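All remarks here apply to the structure that follows.
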Amino acid sequence: MTYIFYDFETSGRSARFDQILQAGFIVYDSALREKKKLNIRSRINSDVIPSINALKVNRLKMSDLLCEDLSSYQMTLKIYNFLNQFSKSFYIGYNSINFDEEFLRQLFWEHFIFPYLTNTNGNNRGDVLNFVTMVHAFDNKKIKVTKNEYGKLTFRLEKLAEANNFDSSNSHEAIADVEVTMQLMCLLKNKRDDLFRIFFSNSSSRNVEEKIHQNDLFTLHNYLFNNHKIYLVKKLIKHPSYKNQFIGFDMKYDVKELVKLSEPELREEYKKKSFFRKIKLNKQPSILDKSYALKFKPYS
């Protein structure tokens, strides 16, 4: 298994309208020994207006962005040729499934390159943010997490690096964030290899669907709005419209009362509460054995 860690610095948050300005990739072998590295930048396109906040965060200067040697097209070809050397790889980033991967797919699509490189041809992808929050939810002594100025837990990569004694002096430099992501994953893998195996198996939508079919009840973990959400879920059906979604029933609700309701009454009741949990199979959902949820109220 080849591991490919990656990170991007961008002109903003929208993959459709913003641009990758800096890209970092490090390839590791199965023993997590470094094999190859790519650290690359491009000029900003003339039709892209960068976000002031984005430039403030990634500390890129407009004077530099206007003078980079490579165009976005040239950078795209170099990235594609670099990644095309590897097959059956595990692509890993931090908050990558909802951010970096969307930028990579958009970049390839705009330049007429097949965009789904990270999850086809034997490749899988994982988001270390999912791994970190899962470990913290079920064994918070294994990872140090600080709070922000509002007293909320923060899982920002640079804050985790500081709290767990990683060098974060070059945070928001793409290649530096790649190195921190790898160190963070290795730290947690060594402490909770059982949860790493779950994280790894959840990286394949096929594996996730098989888990759901094989287990009548299972644990679903999400981290939303600065809170861990742990559910005991009963499998129901594949989504009738979206093939990459599954619908489960949240077992904290009393089924005996619900089945007594007529359809109009059930519709009214559903406006007040959501009994169902939608699981996006291709977003690496955190699916675990039912025993994890059974340790938490109200399921315990």
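All values reported here derive from a predicted model rather than from experimental measurement. Sequential numbering from 1 along the given sequence is applied to the chain's residues.
- Linking Ile, Leu, Val, Met, Phe, Trp and Tyr residues whenever their side-chain heavy atoms come within less than 4.5 Å leaves I20 and I44 in two separate clusters.
- Salt-bridge annotation for R41 and E9: absent, with no side-chain N of the basic residue lying under 4.0 Å from a carboxylate O of the acidic one.
- When all heavy atoms are compared, the tightest approach of G24 to A174 is N-CB, 3.7 Å.
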Evaluate side-chain hydrogen bond (donor to acceptor under 3.5 Å, both in side chains) for Q284 paired with D127, printing each intermediate quantity in order. CA-CA 8 Å; Q284 203 196 22; D127 192 329; over 6 Å; no

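- Contact annotation: the side chain of Q22 approaches that of E173 to within less than 4.5 Å [non-hydrogen atoms, C-beta and beyond].
- Within a 6.0 Å sphere centred on CG of D69, other residues, nucleotides and ligands contribute 12 heavy atoms or fewer.
- Residues L188 and F196 fail the side-chain proximity criterion, which asks for heavy atoms closer than 4.5 Å.
- Placement of V255 and L294 within a single hydrophobic cluster is found when ILVMFWY residues are connected by side-chain heavy-atom separations under 4.5 Å, directly or transitively.
- Between E209 and K243 there is no salt bridge, since no side-chain nitrogen of the basic residue lies less than 4.0 Å from a carboxylate oxygen of the acidic one.
- The number of heavy atoms from other shown groups lying within 6.0 Å of NZ (K78) does not exceed 12.
- Rounded to the nearest 0.5 Å, atoms OG1 (T10) and CG (D100) are 8.0 Å apart.
- No more than 12 heavy atoms of other residues, nucleotides or ligands sit less than 6.0 Å from atom OH of Y73.
- The aromatic ring centres of F246 and H213 sit less than 6.0 Å apart.
- The nearest pair of heavy atoms linking P285 to L281 is CD-O, 3.7 Å.
- Within a 6.0 Å sphere centred on CD1 of I49, heavy atoms belonging to other residues, nucleotides or ligands number 12 at most.
- Heavy-atom neighbours of K278 NZ from other residues, nucleotides or ligands within 6.0 Å: at or below the threshold of 12.
- Aromatic ring pairs are classed by plane angle as parallel below 30°, tilted from 30° to 60° and perpendicular above 60°; the pair F99 and F103 is tilted.
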Checking side-chain hydrogen bond (donor to acceptor under 3.5 Å, both in side chains) for the pair K211/N202: CA distance, chi angles, key distance, verdict? CA-CA 9 Å; K211 277 189 188 182; N202 288 335; 2.8 Å; yes

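- Following chains of ILVMFWY side-chain contacts shorter than 4.5 Å, one can reach M62 starting from L21, so the two form part of one hydrophobic cluster.
- Contact check on K283 versus E102 returns a salt bridge, with a Lys/Arg side-chain nitrogen under 4.0 Å from an Asp/Glu carboxylate oxygen.
- Residues that satisfy the salt bridge (charged side-chain N to carboxylate O under 4.0 Å, His left out) test with D193, not counting sequence neighbours, are K189, R197.
- In terms of heavy atoms, G126 sits closest to S96 at O-OG, 3.7 Å.
- M185 is not listed as a side-chain neighbour of M182, based on a closest heavy-atom distance of 4.5 Å or more.
- Put simply, the side chain of T181 never gets that close to the backbone of G93: no donor and acceptor are under 3.5 Å apart.
- Residues L107 and S72 are in side-chain contact: their nearest non-hydrogen atoms beyond the backbone lie under 4.5 Å apart.
- Here the CG atom belonging to L184 is positioned 11.5 Å from the CG atom belonging to D177, to the nearest 0.5 angstrom.
- Of all heavy-atom pairs between S286 and N130, the closest is OG-O, 4.2 Å.
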Start with the C-alpha gap between T146 and E162, add the side-chain angles, then the distance that decides, and say whether side chain to side chain contact (heavy atoms under 4.5 Å, CB included) holds. CA-CA 9 Å; T146 58; E162 292 172 9; over 6 Å; no

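- The shortest non-hydrogen separation linking V180 to L157 is CG1-CD1, 3.7 Å.
- With hydrophobic clusters built from ILVMFWY side chains whose heavy atoms lie under 4.5 angstrom apart, F199 shares a cluster with V132.
- Under a cut-off of 6.0 angstrom, the local environment of NZ in K252 is crowded, with over 12 non-hydrogen atoms contributed by other residues, nucleotides or ligands.
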CA sep, side-chain torsions, deciding dist, call: E110, Q106, side-chain hydrogen bond (donor to acceptor under 3.5 Å, both in side chains): CA-CA 6 Å; E110 288 176 357; Q106 182 71 18; 3.0 Å; yes

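- Checked for salt-bridge contact, D29 and K35 miss the test: no charged N lies under 4.0 Å from a carboxylate O.
- Expressed to the nearest 0.5 Å, how far CD1 of I198 lies from CZ of F131 amounts to 9.5 Å.
- N123 has its side chain out of reach of F86: every pair of non-hydrogen atoms, C-beta onward, lies at least 4.5 Å apart.
- By the 6.0 Å contact criterion, OH on Y80 is open, its count of non-hydrogen atoms from other residues, nucleotides or ligands being 12 or less.
- A side-chain contact (heavy atoms from CB on, under 4.5 Å) with L83 is found for one member of L117, L38, T118 and no other, namely L117.
- Formation of a donor-acceptor pair under 3.5 Å by the N148 side chain with backbone atoms of T154 is not found in this model.
- Residue I230 holds its CD1 atom at 12.0 Å from OH of Y223, rounded to the nearest 0.5 Å.
- No side-chain heavy atom of N215 sits under 4.5 Å from any side-chain heavy atom of K290.
- For the atom pair CG (L104) and OH (Y91), the distance works out to 8.0 Å, reported to the nearest 0.5 Å.
- Heavy atoms from other residues, nucleotides or ligands lying under 6.0 Å from NZ of K280 number 12 at most.
- Without hydrogens or angle criteria, K152 side chain to N226 main chain gives no donor-acceptor distance under 3.5 Å.
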Kindly determine whether Y292 and F138 satisfy ring-ring contact (aromatic ring centres under 6.0 Å, His included), including the steps that lead there. CA-CA 8 Å; Y292 288 90; F138 299 110; 5.1 Å; yes

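- Annotation for R43 and S71: closest pair NH2-CB, 3.5 Å, computed over non-hydrogen atoms.
- Checking F276, F275, Y270 one by one against K273, the side-chain contact (heavy atoms from CB on, under 4.5 Å) holds for a single residue, F275.
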Check the pair N121 / Y116 against side-chain hydrogen bond (donor to acceptor under 3.5 Å, both in side chains), numbers first and verdict last. CA-CA 9 Å; N121 298 323; Y116 301 106; over 6 Å; no

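- E68 places none of its side-chain heavy atoms less than 4.5 Å from the side chain of S42.
- No donor-acceptor distance shorter than 3.5 angstrom exists from the side chain of T2 to the backbone of S89, with no hydrogens or angles considered.
- Judged purely by distance below 3.5 Å, without hydrogens or angles, the side chains of N53 and S51 never pair a donor atom with an acceptor atom.
- Taking the six-membered ring for Trp and thresholds of 30 and 60 degrees, F25 and F82 have ring planes inclined between 30 and 60 degrees apart.
- Residues F218 and M134 fall into different hydrophobic clusters, defined by Ile, Leu, Val, Met, Phe, Trp and Tyr side chains chained together at heavy-atom separations under 4.5 Å.
- Exactly one residue among E263, E257, E265 makes a side-chain contact (heavy atoms from CB on, under 4.5 Å) with L261. That residue is E265.
- Between E101 atom CD and N119 atom CG the span is 6.0 Å, to the nearest 0.5 Å.
- Checked against the 6.0 Å centroid threshold, H136 and F155 count as a close aromatic pair.
- At a threshold of 4.5 Å between non-hydrogen side-chain atoms, the residues E269 and Y253 do not count as touching.
- A donor-acceptor pair is defined here as one N or O able to donate and one able to accept, closer than 3.5 Å; no such pair exists between the side chain of S30 and the backbone of M1.
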